[in-house]
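Working notes, beginning with the structure itself.
Naming convention: chains lettered A, B, ... in sequence-line order (proteins, then strands); numbering from 1 in each chain. Just so it is clear, the values below take in all heavy atoms, side chains as well, and ignore hydrogens, waters and symmetry mates.
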Number of protein chains: 2
Amino acid sequence: MGNSKKYSIEVRLWIEEAEGPFLGIGKIWLLENIRKTGSITNAAKEMKMAYRQAWQLVEEMNLRAESPLVEKLLGGKGGGGARLTEAGENAITVFYEIEKRIKDFAQKEVQNLKF
Amino acid sequence: MGNSKKYSIEVRLWIEEAEGPFLGIGKIWLLENIRKTGSITNAAKEMKMAYRQAWQLVEEMNLRAESPLVEKLLGGKGGGGARLTEAGENAITVFYEIEKRIKDFAQKEVQNLKF
DNA sequence: TTTCAGTATGTTTTTAAAAGAATACTGATG
DNA sequence: CATCAGTATTCTTTTAAAAACATACTGAAA
């Protein structure tokens, strides 16, 4: 009714820890790509992100989680690789669960925005 | 129980419009400071933001809202100033209402995070 | 004992965004 | 009709983040 422009609500969420932002959708995507590719190198390529950056994100996650989210394998056949720990798998699941609940709520709660 | 680290959920939200992000907490703060100080110049100072930047944000808001959120007064005694329109006042109210509902929900919904 | 692909880490370069500087415009008021 | 403080606008400089580059290190396997 007379509402000519469409506005919608967007929500971004992340897990916070004492030292600041700990885990958001960016790191979750990285975790998923590590799971998919079996290495930080290939996960980074997949995401068109520099290996250095990806490696640093993994390092930070591992240090700040109660237990590491990514297990790194050094040397050996194929040079090594990386894979998710139980905690890493869990982080993905929990994050998406929370995200879905909150985003669903936001959409349901808000309509007919007018400015 | 054995949970040594504290994690919490943080939520950021904004109003989206056809051309992208339209109104988030940053612009809301700017609106509030314009209301408080009566000018873009002083609002910017208050927020330690460059006038240029503040002016651009106001311009963008006004163009993309159905009706302007800020009324600008040119020249005259004191050089002019800026004040919120009805729509501007409304935007602040509505934004905080939505934000509160969603953040409350997020807090209530999520506890005992463990990573 | 060499190879190999991935991890680990420091250094440099690019780039985009923010900040800053400079200047013109506006119009009520004295 | 000069003043004045804020708006309007362009141009330049700074800065911080990201990307790119370079180079060791690791260890299973052939």
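Look at CE on A:Met47: it is 14 Å from C1' on D:dA18, rounded to the nearest Å. When rounded to the nearest whole Å, the span between CG of B:Leu57 and C1' of D:dT7 equals 15 Å. What separates CD1 of A:Ile34 from P of C:dA5 is a distance of 20 Å, to the nearest Å. For the pair A:Tyr51 OH and D:dA18 C1', the interatomic distance rounds to 17 Å; values are reported in whole Å. Protein atom NZ of A:Lys72 is 12 Å distant from nucleotide atom C1' of C:dT9, rounded to whole Å. Taking atom CD of A:Glu71 as the reference point, atom C1' of C:dG6 lies 15 Å away to the nearest angstrom. Distance A:Gln56 CD to D:dA19 P: 11 Å, rounded to the nearest Å. As rounded to whole Å, 16 Å separates atom C1' of D:dT10 from atom CD of B:Gln53.
In this structure, A:Met61 and A:Leu31 have side chains that are in contact, with non-hydrogen atoms separated by less than 4.5 Å. With a 4.5 Å cut-off on side-chain heavy atoms, B:Phe115 and A:Glu66 do not count as touching. Using a 4.5 Å heavy-atom cutoff, the side chains of A:Arg35 and A:Ile92 are in contact.
With no hydrogens or angles considered, a side-chain donor-acceptor pair links A:Glu16 and A:Trp14 at under 3.5 Å. Side-chain contact annotation: B:Ser39 with B:Asn42, donor-acceptor N/O pair under 3.5 Å present. In the model, A:Gln111 has no side-chain atom that pairs as donor or acceptor with a side-chain atom of A:Tyr7 under 3.5 Å.
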Reading nucleotides 21-30 of chain D from 5' to 3' and marking B where a protein heavy atom lies under 4.0 Å of the base, S where only the sugar-phosphate is that close, and - otherwise, the string is -----BBBS-
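Under the salt bridge (Lys or Arg N to Asp or Glu O under 4.0 Å) rule, A:Asp104 has a single partner from A:Lys108, A:Lys100, A:Arg101, which is A:Lys100.
No donor-acceptor distance shorter than 3.5 angstrom exists from the side chain of B:Glu99 to the backbone of B:Arg12, with no hydrogens or angles considered.
Within the 4.0 Å cut-off from OP1 or OP2 of C:dT7, at least one side-chain nitrogen or oxygen of A:Thr41 is found. The phosphate of C:dA8 has OP1 or OP2 within less than 4.0 Å of a side-chain N or O from A:Trp55.
The hydrophobic cluster containing B:Leu13 also contains A:Ile98, counting ILVMFWY residues as joined when their side-chain heavy atoms lie under 4.5 angstrom apart, directly or transitively.
A:Ser39 comes within contact range of the sugar-phosphate backbone alone, with a heavy-atom separation under 4.0 Å but no base atom that close.
At a non-hydrogen distance threshold of 4.0 Å, nothing from residues 15-30 of chain B comes into contact with DNA chain D.
Each of A:Ala50 and B:Lys45 was assigned the nucleotide of DNA chain D with the nearest heavy atom; the assignment lying further toward the 5' end belongs to B:Lys45.
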